[in-house]
There are 2 protein chains.
Amino acid sequence: MILSTRGRYGLKMMLELALNYGKGAMPLKDIANKQSLSDTYLEQLISPLRKSGLVTSTRGAQGGYELAKEPSGIKVGEIIRILEGSLAPAECVLEGEPECSKADYCATRLLYEKITEGINNVIDSINLQDMVDDYHRLNNNTNIKRRNEDE
Amino acid sequence: MILSTRGRYGLKMMLELALNYGKGAMPLKDIANKQSLSDTYLEQLISPLRKSGLVTSTRGAQGGYELAKEPSGIKVGEIIRILEGSLAPAECVLEGEPECSKADYCATRLLYEKITEGINNVIDSINLQDMVDDYHRLNNNTNIKRRNEDE
DNA sequence: TTGAATTCCTACTAATAAACTAGGATTTCT
DNA sequence: AGAAATCCTAGTTTATTAGTAGGAATTCAA
Ligand code: FES
Ligand code: FES
């Protein structure tokens, strides 16, 4: 499994916030309830997202979280990298330092670089708005403006 | 890190066997020494590769392992899947069963499918012969036939 | 025919990482 | 004042990874 719960739950959170975009702050408890996840765990995940500037928070009663910019401006790759670290297949690709002693000889490293590139091509080409659109398509919801009023 | 030591060491083993292809059986200890890895650990990794038919073994003195077919016929993806299992980002992609309760609504799943596809495109398009070629290119070795005589 | 080299197999252990939980301090609205 | 929320640190539990240990079975070669 490439993604741990950090990445997977984080993506669900961000999708939920994207669906709520423009409607004010959304408390974490609501997100946790909608997705049937532990809100205390989600707390830990949203913290780095806030510190990275992807979401903003409002403290106190009637507070909550919202996206810091519009969904189309947030790439899935950003979210994943913040929560999971890089998805490189081996450390040497990550840090530029060879893992094995035979630095110059290493043909596996070339492979790792290609895998990394393949993954990044996907996750950096998809943004939250794309996922929102997918969400509506999946639910046959043609009336996009009112998409969330029945939730 | 996408690949654990199982996949990474396994790839190195298989590359070593590919470099040795056509020269008879190679004892695991030699592979371990060349790559500075624990031979008892590698034992565990080569077992499933043999059971999957990618390598053949010869027991007893002067025995060892060799590729069951030519390097160009063994895709990197096969090796990785045998040693790591599928590289899917989430279980639902793997088993076809939804992870979350909101099966139909799930937009993250579409993302996971695209990531999976991106990875498979890479690892199934590269075979061991490609890695052997890379290896020789990296080492500026124009005399390919004699590549291993100095090791 | 004996001994060394090797694969093969199962089970165990140690270390690390993942997945949460707990508790409380702080902020803000009503 | 009190409720609703974020924020922060530190635990705990569980699962996975990475590796060891020990020995049985096989085969070559002297
Ligand atoms: S440099 Fe990364 S495995 Fe060799
Ligand atoms: S179906 Fe896989 S996360 Fe929803």
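Every chain is numbered from 1, with letters handed out A, B, ... down the list of sequences.
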Could you state the atom-to-atom distance from [atom1] of [X] to [atom2] of [N] in whole Å?
{"X": "A:Asp39", "N": "C:dT21", "atom1": "CG", "atom2": "P", "value": "9 Å"}
{"X": "B:Tyr65", "N": "D:dT27", "atom1": "OH", "atom2": "P", "value": "14 Å"}
{"X": "A:Arg8", "N": "C:dA18", "atom1": "CZ", "atom2": "C1'", "value": "11 Å"}
{"X": "A:Leu83", "N": "C:dA18", "atom1": "CG", "atom2": "P", "value": "13 Å"}
{"X": "B:Lys12", "N": "D:dA18", "atom1": "NZ", "atom2": "P", "value": "13 Å"}

(message) Is there a side-chain contact between B:Thr5 and the phosphate of D:dA18, meaning an N or O under 4.0 Å from OP1 or OP2?
(response) yes

(message) If the cut-off is 4.0 Å, is B:Ser38 near the phosphate of D:dT20, judged by side-chain N/O to OP1 or OP2?
(response)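 Answer yes for this pair, as a side-chain N or O of B:Ser38 is under 4.0 Å from OP1 or OP2.
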
(request) Could you check if a side-chain atom of A:Glu78 sits within less than 4.5 angstrom of a side-chain atom of A:Met14, using non-hydrogen atoms only? (result) no

(message) So if I define the base as every atom that isn't primed, P, OP1 or OP2, how would nucleotides 25-30 of chain C read as a B/S/- string at a heavy-atom cutoff under 4.0 Å?
(response) -BBBBS

(message) One thing to verify: whether B:Glu16 and B:Lys12 come together as a salt bridge, which I'm taking to mean a side-chain N less than 4.0 angstrom from a carboxylate O.
(response) no

(message) Do the side chains of B:Asp130 and A:Lys114 get close enough for a salt bridge, i.e. N-O under 4.0 angstrom?
(response)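 The answer is no: the pair does not qualify as a salt bridge.
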
I need the minimum non-hydrogen distance between [X] and [Y], along with the two atoms involved.
{"X": "A:Thr56", "Y": "A:Ala68", "result": "CG2-CB, 3.8 Å"}
{"X": "B:Leu128", "Y": "B:Leu15", "result": "CD2-N, 4.3 Å"}
{"X": "A:Arg6", "Y": "A:Tyr41", "result": "CG-OH, 3.8 Å"}
{"X": "A:Pro71", "Y": "A:Asn127", "result": "O-CB, 3.9 Å"}

(message) Less than 3.5 Å apart, any donor N or O on the side chain of B:Asp133 or B:Gln129 sitting next to an acceptor on the other?
(response) yes

(message) Nearest to the B:Leu28 side chain among C:dA19, D:dT6, C:dT7, which nucleotide is it?
(response)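 Ranking C:dA19, D:dT6, C:dT7 by closest atom to the B:Leu28 side chain puts C:dT7 first.
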
(request) Mind checking the CD1-CE spacing from B:Ile31 to B:Met26? Nearest 0.5 Å is all I need. (result)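 Spacing of CD1 (B:Ile31) from CE (B:Met26) equals 5.0 Å.
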
(message) Short of 4.0 Å, heavy atom to strand atom, which residues of residues 40-57 of chain A count as contacting DNA chain C?
(response) A:Thr40, A:Tyr41, A:Gln44

